[in-house]
Amino acid sequence: MAKPESKTKPREIKKDIYCVGAIDWDRRLFDSLIPLPDGTSYNSYLIKGSQKTALIDTVDPPMKDVLLKNLDELGIRKIDYVIFNHAEPDHSGSIREVLAKYPEAKAVCTDRCKTMLIDRFMVAEERFKTVEDKETIDLGGRTLEFIHAPWVHWPETMLTYLREDKILFPCDFFGSHLAITDMYVRDAGQEYEAAKRYWAEIMMPFRLQIQKNLEKIKDYDIEIIAPSHGPMHDKAEFIIEAYRSWAYDEPENIVVIPYISMHGSTRAMVAHLVEALTRRGVTVKQFDLAASDIGKLAAALVDAATIVIGTPTVLTGPHPNVAYAAFLANALKPKTKFASIIGSYGWGTRAVEQLAAMLPNLKVEIIDPVIIKGYPREVDLESLDKLADTIVAKHKAAGIA
Ligand SMILES: Cc1cc2nc3c(=O)[nH]c(=O)nc-3n(C[C@H](O)[C@H](O)[C@H](O)COP(=O)(O)O)c2cc1C
Ligand SMILES: [Fe+2]
Ligand SMILES: [Fe+2]
């Protein structure tokens with residue numbers, strides 16, 4: 001569905017370099033999965049050299065008119081190269097319209113990206129020019145260098161570095177889902193939170209590959225990072241340092257407790273455990289899965305040492321919302337080191353076995369669960385105190401204080 005009401009205008013970054021993408025203020029769900037509390041943007045960048053003109057990334061298909069109008073407004077008659085850093089449709093989805101409007105343009109991407117773009121958009125093969133790692137294109141006084149960077153966010157991804165202006169165009173890498181009029185990050189706290197959440201949802205599962213990509217860009221002189229979601233970074237170190245800490249650092253003295261409760265028993269257990277851990281100096285983040293934004297949970301998992309999942313038994317297993325959260329946590333592969341399960345049942349349960357079997361990707365040590373019948377009694381609360389003691393001891397032994 002087109003969104004003609006969006007009026008994001010072209011904005012100049014430097015002479016002959018423009019943002020020409022679209023801000024999507026109202027979008028609330030991404031990939032039919034990820035909540036977008038602050039909307040997002042699909043950034044597209046136009047670069048003019050003395051000889052040639054390049055467009056870097058396009059926009060999500062419903063916003064293609066914004067991009068095309070912006071190019072008209074800048075009087076762009078000819079584009080020589082359209083760089084596709086990534087084949088996901090939020091950046092490549094306007095490929096057919098852009099290539100039709102600019103018939104001389106070559107679509108520039110990795111070999112793998114070309115296959116994916118043909119698979120998805122049925123673009124004619126002769127429109128492509130594939131580029132190797134470190135290959136360059138001269139625009140006339142401006143040089144684009146392509147850096148192959150698989151898994152930020154898919155296997156075909158690359159980054160584009162504009163040498164003379166020291167601008168890195170990394171597409172999803174270093175991005176954030178923020179609809180905002182500031183061209184550059186101005187509110188570092190807001191950006192840190194949005195970027196961390198984005199890291200958790202999009203980048204965290206590929207942490208080891210991302211470490212390699214961080215190494216790869218280490219020796220580049222980068223003044224501006226211009227991602228394809230959210231504001232640009234004129235203090236590149238801010239986001240690179242944040243990525244380094246998320247990718248490399250040990251988890252912190254934090255316990256994340258996603259839980260659900262139908263009739264209050266599991267909730268009472270969670271409340272007791274939160275209090276017991278807090279008294280022992282642990283930071284606790286509690287999420288009621290009946291109402292929580294799953295992106296906040298994902299972000300909390302980025303640096304938590306322990307996850308404790310709380311669930312009542314429903315039809316012999318965990319509550320379906322808890323199963324969903326466990327499935328997601330397993331897929332996101334946080335650095336979490338320890339896990340446990342607490343919860344209540346009525347007559348017979350297999351919730352622990354079923355949940356534990358859902359977490360094979362988490363390289364966690366499982367701490368003895370606390371599963372009780374009905375509402376927690378004094379003896380059950382003591383078991384939760386013991387669980388808190390064990391978590392604290394495990395954190396200390398692992399050097400997490
Ligand atoms: C829809 C539904 C299905 C349930 N299925 C089971 C079950 O298969 N096995 C069991 O032991 N208890 C089952 N129970 C009972 C709950 O697990 C039990 O009441 C528990 O104490 C609820 O915890 P809560 O107060 O945290 O919701 C079920 C309850 C509901 C509402
Ligand atoms: Fe993506
Ligand atoms: Fe994206």
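Heads up: numbering here begins at 1 and tracks the sequence. Because the structure is predicted, anything quoted here is derived from the model rather than measured.
- Among the candidates H91, H86, R112, E88, the single residue satisfying the side-chain contact (heavy atoms from CB on, under 4.5 Å) test with T157 is H86.
- Rounding to the nearest 0.5 Å places OG1 of T160 at 5.5 Å from CD1 of I83.
- The environment of CZ in R350 is sparse: at most 12 heavy-atom neighbours from other residues, nucleotides or ligands sit within 6.0 Å.
- Looking at Y243, F174, F206 one by one, the single match for ring-ring contact (aromatic ring centres under 6.0 Å, His included) with W199 turns out to be Y243.
- Considering all non-hydrogen atoms of both residues, R28 and G39 come closest at NH1-N, 3.3 Å.
- We find the CD1-OG1 distance between I260 and T311 to be 7.5 Å, quoted to the nearest 0.5 Å.
- Other residues, nucleotides and ligands place more than 12 heavy atoms under 6.0 Å from the CD atom of Q209.
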**Request:** Start with the C-alpha gap between L68 and V98, add the side-chain angles, then the distance that decides, and say whether side-chain contact (heavy atoms from CB on, under 4.5 Å) holds.
**Result:** CA-CA 7 Å; L68 299 177; V98 171; 4.1 Å; yes
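- Taking the side chain as every heavy atom from C-beta outward, L328 and L297 never approach each other to under 4.5 Å.
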Donor-acceptor list for residues 366-377 side chains, cut-off 3.5 Å, not counting sequence neighbours:
none

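- One finds the CG atom of D16 at 8.5 Å from the CG atom of L46 (value rounded to the nearest 0.5 Å).
- Heavy-atom contacts from other residues, nucleotides or ligands closer than 6.0 Å to NZ of K14 number more than 12.
- Using a 4.0 Å cut-off between charged side-chain N and carboxylate O, K114 and E125 make a salt bridge.
- By the salt bridge (charged side-chain N to carboxylate O under 4.0 Å, His left out) test, D119 is found to be paired with no residue, residues two or more places apart in sequence or in another chain being considered.
- The closest donor-acceptor contact from the side chain of D80 to the backbone of T53 lies under 3.5 Å.
- Using modelled atom types, no side-chain atom of K52 and backbone atom of Y81 make a donor-acceptor pair closer than 3.5 Å.
- In terms of the side chain to side chain donor-acceptor pair (under 3.5 Å) criterion, H148 has no residue partners (sequence neighbours excluded).
- For W25, there are no ring-ring contact (aromatic ring centres under 6.0 Å, His included) partners at least two apart in sequence or on another chain.
- Applying the side chain to side chain donor-acceptor pair (under 3.5 Å) rule to D138 yields no partners; only residues at least two apart in sequence or on another chain are considered.
- With respect to E193 and K196, no salt bridge is recorded, no charged nitrogen being found less than 4.0 Å from a carboxylate O.
- Residues I202 and R197 have side chains not in contact (no heavy-atom distance under 4.5 Å, counting atoms from C-beta outward).
- Checked by atom type and distance alone, the side chain of N361 never pairs as donor or acceptor with a backbone atom of A331 at under 3.5 Å.
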Can you give the donor-acceptor pairs under 3.5 Å from side chains of residues 139-146 to other protein atoms, not counting sequence neighbours?
{"unit_1": "R142", "atom_1": "NE", "unit_2": "D165", "atom_2": "OD2", "d": "2.8"}
{"unit_1": "R142", "atom_1": "NH1", "unit_2": "K15", "atom_2": "O", "d": "3.2"}
{"unit_1": "R142", "atom_1": "NH1", "unit_2": "K48", "atom_2": "O", "d": "3.0"}
{"unit_1": "R142", "atom_1": "NH2", "unit_2": "K15", "atom_2": "O", "d": "3.1"}
{"unit_1": "R142", "atom_1": "NH2", "unit_2": "D165", "atom_2": "OD1", "d": "3.2"}
{"unit_1": "T143", "atom_1": "OG1", "unit_2": "E164", "atom_2": "OE2", "d": "2.6"}
{"unit_1": "E145", "atom_1": "OE1", "unit_2": "R163", "atom_2": "NE", "d": "3.1"}
{"unit_1": "E145", "atom_1": "OE1", "unit_2": "R163", "atom_2": "NH2", "d": "3.2"}
{"unit_1": "E145", "atom_1": "OE2", "unit_2": "Y220", "atom_2": "OH", "d": "2.6"}

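- Residues meeting the ring-ring contact (aromatic ring centres under 6.0 Å, His included) test with F287, sequence neighbours left out: none.
- At most 12 heavy atoms of other shown residues, nucleotides or ligands fall within 6.0 angstrom of atom CZ in R77.
- Partners of Y184 according to the ring-ring contact (aromatic ring centres under 6.0 Å, His included) rule, which considers only residues two or more places apart in sequence or in another chain, do not exist here.
- Residues satisfying the salt bridge (charged side-chain N to carboxylate O under 4.0 Å, His left out) criterion with R120, sequence neighbours excluded, are absent altogether.
- In this structure the side chain of I76 never reaches within 4.5 angstrom of the side chain of K101, judged on heavy atoms.
- Enclosure of atom OH in Y248 by more than 12 non-hydrogen atoms of other residues, nucleotides or ligands within 6.0 angstrom is indicated.
- Under the rule for a salt bridge (charged side-chain N to carboxylate O under 4.0 Å, His left out), the partners of K129 that lie at least two apart in sequence or sit in another chain are E135.
- Heavy atoms from other residues, nucleotides or ligands lying under 6.0 Å from NZ of K216 number more than 12.
- Under the rule for a side chain to side chain donor-acceptor pair (under 3.5 Å), the partners of D221 that lie at least two apart in sequence or sit in another chain are K166.
- Taking the six-membered ring for Trp and the full ring otherwise, Y198 and H229 have centroids separated by under 6.0 Å.
- For H319, the side chain to side chain donor-acceptor pair (under 3.5 Å) test picks out no residue, with sequence neighbours left out.
- The number of heavy-atom neighbours closer than 6.0 Å to CD of E132, taken from other residues, nucleotides and ligands shown, is 12 or below.
- Side-chain contact between D385 and R280: present, with at least one pair of heavy atoms (C-beta onward) separated by less than 4.5 Å.
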**Verdict with reasoning, K386 to E382, per salt bridge (charged side-chain N to carboxylate O under 4.0 Å, His left out)** = CA-CA 6 Å; K386 268 193 216 129; E382 281 164 20; 6.0 Å; no
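- Ring pair W246/Y192: centre-to-centre distance below 6.0 Å.
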